[in-house]
Amino acid sequence: MKLPTWREPGPERVGLIVWAAVGLAALLTVVGVIAYWPGHTQRANADVFDDEPLKADVIGVDVAPCSGTSAEDNTPCNFVRLHFPGHDTPQPEEERGGGVPAATGPAIEQPIGSVPHLHSGEHILVTMTVHDDGTASFAFYDYQRSTSMWTLTILFVIAVLLLGRWRGLGALAGLVASLAVVVAFLLPSILDGHSPVMVAIVSASIIAFIALYLAHGLNLDTSVALL
């Protein structure tokens with residue numbers, strides 16, 4: 001009895017199989033996007049990103065007894081006086097415990113020796129907390145880094161275009177699209193209460209389709225890499 005011999009599938013058949021698998025993956029991705037698309041209902045935890053940091057300038061640092069203490073308690077704090085661009089900031093007029101002047105305007109209260117040690121003239125980001133009595137307190141969030149970040153971004157784009165040329169341009173377009181998927185789909189969908197694992201799988205599939213085909217073109221080799 002003669003046993004059947006294995007025959008390698010031809011290139012055309014392999015290509016059809018690959019493209020069929022890519023089409024199935026694309027269909028499942030579309031179904032996932034429809035199933036997990038974020039709605040417009042009120043999200044229980046949507047306020048996670050509501051409190052955006054505010055830009056502020058440090059206009060001075062006063063040393064005075066910490067809130068609720070006096071000079072006799074020997075618990076000094078740094079009161080970092082803030083100025084918000086576009087708004088008038090009052091100068092020190094009131095007195096704290098022990099007759100030490102303190103700013104009537106917004107300020108960050110920091111224990112002596114705390115990190116970071118802020119100085120006059122620095123540009124920072126702060127968070128604001130409004131209390132039940134209507135008063136507000138401020139906390140250091142980060143330094144303003146927009147100028148340096150934009151500079152690095154421009155240098156990065158130039159380097160990618162010089163080294164990658166058209167393929168580099170496609171990679172940049174894929175990167176921008178990937179960020180758009182994260183902001184417009186992934187995070188809102190998770191905040192809507194959908195399964196983080198499933199939403200992440202669908203988002204990763206979208207990003208893979210966009211990034212790979214933009215950077216390497218619509219061809220069989222890219223499709224194999226995608227699968």
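Just so it is clear, the values below take in all heavy atoms, side chains as well, and ignore hydrogens, waters and symmetry mates. When a residue number appears, it is its place in the shown sequence, counting from 1.
- Qualifying side-chain hydrogen bond (donor to acceptor under 3.5 Å, both in side chains) partners for His119, counting only residues two or more places apart in sequence or in other chains: none.
- Here the side chain of Asp62 pairs no donor or acceptor atom with the backbone of Phe79 at under 3.5 angstrom.
- The heavy-atom pair separating Cys66 from Thr69 by the smallest distance is O-OG1, 2.5 Å.
- We find the CG-NE2 distance between Asp221 and His216 to be 10.5 Å, quoted to the nearest 0.5 Å.
- Atom CD1 in Ile207 sits 9.5 Å away from atom CG in Leu175 (nearest 0.5 Å).
- Rounded to the nearest 0.5 angstrom, Met149 CE and Gln144 CD are separated by 14.0 Å.
- Among the candidates Asp57, Leu82, Asp142, the single residue satisfying the side-chain contact (heavy atoms from CB on, under 4.5 Å) test with Ile124 is Leu82.
- Put simply, CG on Leu186 and CG on Leu191 are 9.5 Å apart, with the number rounded to the nearest 0.5 Å.
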Leu118 and Tyr143: side chain to side chain contact (heavy atoms under 4.5 Å, CB included), yes or no, with the steps?
CA-CA 10 Å; Leu118 300 173; Tyr143 293 99; 3.8 Å; yes
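- No option in Ser114, Ser67, Ser137 other than Ser67 meets the side-chain hydrogen bond (donor to acceptor under 3.5 Å, both in side chains) test with Glu109.
- Enclosure of atom CZ in Phe156 is not indicated, since only 12 or fewer non-hydrogen atoms of other residues, nucleotides or ligands lie within 6.0 angstrom.
- Taken to the nearest 0.5 Å, the CZ atom of Phe185 stands 9.0 Å off from the CD1 atom of Ile190.
- The CD1 atom of Ile158 lies 11.0 Å from the OG1 atom of Thr153; values are rounded to the nearest 0.5 Å.
- Within a 6.0 Å sphere centred on OH of Tyr141, heavy atoms belonging to other residues, nucleotides or ligands number 12 at most.
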